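Reviewing the structure listed below.
Indexing begins at 1, ligand by ligand and atom by atom, following the structure's order. Computed from a predicted structure; not experimentally measured.
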Amino acid sequence: MSTLSRRQFVQFGSLAAAGLLAGCGSSAGSGSGDAADAGEYTLVEEGKLTCISNLFFPPFESMNESTGEPEGFDIDVSKSLAEHMGLEVNWLPSQDFDTLVPTIKNGGKADIAIAGMTITDARQAEVDMSDPYVDSNQSIVVKAGSTETADTLNDASKKIAVQGGTTGADWADENIPAAEKKRLSTIIDAMSGVQSGLYDAVVCDLPVSRYQIKMSYSDLEIIEEIPTGEQYGIAISKDNPGLTAAVNAALAEMVEDGSMAAIEAEWFGAEL
Ligand code: ARG
């Protein structure tokens, strides 16, 4: 534990003294709801913050092709969170975005889902969401030079690609109702499909479409930025309110001590 700051060490010590660290293995989901005090929580694996995501959402999360390791804004946030909580981070393999909330709700597999996940009422009915840590909006992306607009896309002959289970998919259903929606498992498939002419447009979180166009899809362009005013939060089981409190405390510390600003600078430069 030599890397812990003094404050973290003190926190770690008091958790250990309370017997919470020793007893936390594989007990996630067993919380009775009375562990509401910050710092009292269960973990799927002792000493580890076990994380799940859909790892096809750069720059928030993706797989580094040469190392085979997850990387991105959320990965760095998860590492910093774990550090602030005196834990090690443990990343599980990628899963479909629309399975993340059910997995957290069912318990036993992962402690948190961190996935550029918008805080919504529907999700909050299933799981707890942490305090917001990123602001986001939606965007419509088409082939560069295309004459499409949100109006021309609203036609039965048009195909709009979305990632299944996302707020972008919901926005497209509500606002481009006439077009055919193609629900794909990743936003990468959606963008590649627009590039190859399979689909007419993608609706996707603006920071992701900006980053993707800059890094990999220079032949696509954003025709509309949609100010949905979304905020990302981290999903945690409702059976583990102490973990939500501890994550919120760690997020607040990360803002205060500059860790969050450093992660923002790393992945977004001055843009965020
Ligand atoms: N912010 C959007 C939502 O919550 C999209 C998130 C997609 N995240 C991902 N890792 N694929 O619905």
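Gly116 O, 3.2 Å is the protein heavy atom nearest to atom 6 (C) of ligand 1. The protein non-hydrogen atom at the shortest distance from atom 8 (N) of ligand 1 is Ala115 O, 2.8 Å.
One finds a salt bridge joining Arg183 and Asp173 here, because a Lys/Arg side-chain nitrogen approaches an Asp/Glu carboxylate oxygen to under 4.0 Å. Ion pairing between Lys79 and Glu88 fails under the 4.0 Å rule for side-chain N and carboxylate O. Note on Lys105 versus Glu126: salt bridge recorded, some NZ/NE/NH1/NH2 to OD/OE distance being below 4.0 Å. By the 4.0 Å N-to-carboxylate-O rule, Glu46 lies too far from Lys48 to be salt-bridged with it.
Taking the six-membered ring for Trp and the full ring otherwise, Phe56 and Phe97 have centroids separated by 6.0 Å or more.
Considering all non-hydrogen atoms of both residues, Gln95 and Thr103 come closest at NE2-OG1, 3.0 Å.
By the criterion of a heavy-atom distance under 4.0 Å, both the backbone and the side chain of Thr118 are placed next to ligand 1. Under 4.0 Å from ligand 1, not a single heavy atom of Gln231 appears.
Close approach of ligand 1 to Thr166 (heavy-atom distance below 4.0 Å) involves ligand atoms 5 (C), 12 (O). Residue Asp205 has at least one heavy-atom neighbour below 4.0 Å for each of these atoms of ligand 1: 1 (N), 2 (C), 5 (C). Atoms of ligand 1 lying under 4.0 Å from at least one heavy atom of Met117, given by number and element, are 4 (O).
When the heavy-atom distances from atom 3 (C) of ligand 1 to Asp98, Ile188, Thr167, Val134 are ranked, the shortest goes to Thr167.
Checked by atom type, the side-chain pair Thr167/Glu230 shows a donor-acceptor distance below 3.5 Å.
Using a non-hydrogen distance threshold of 4.0 Å, Tyr232 registers as a contact of ligand 1.
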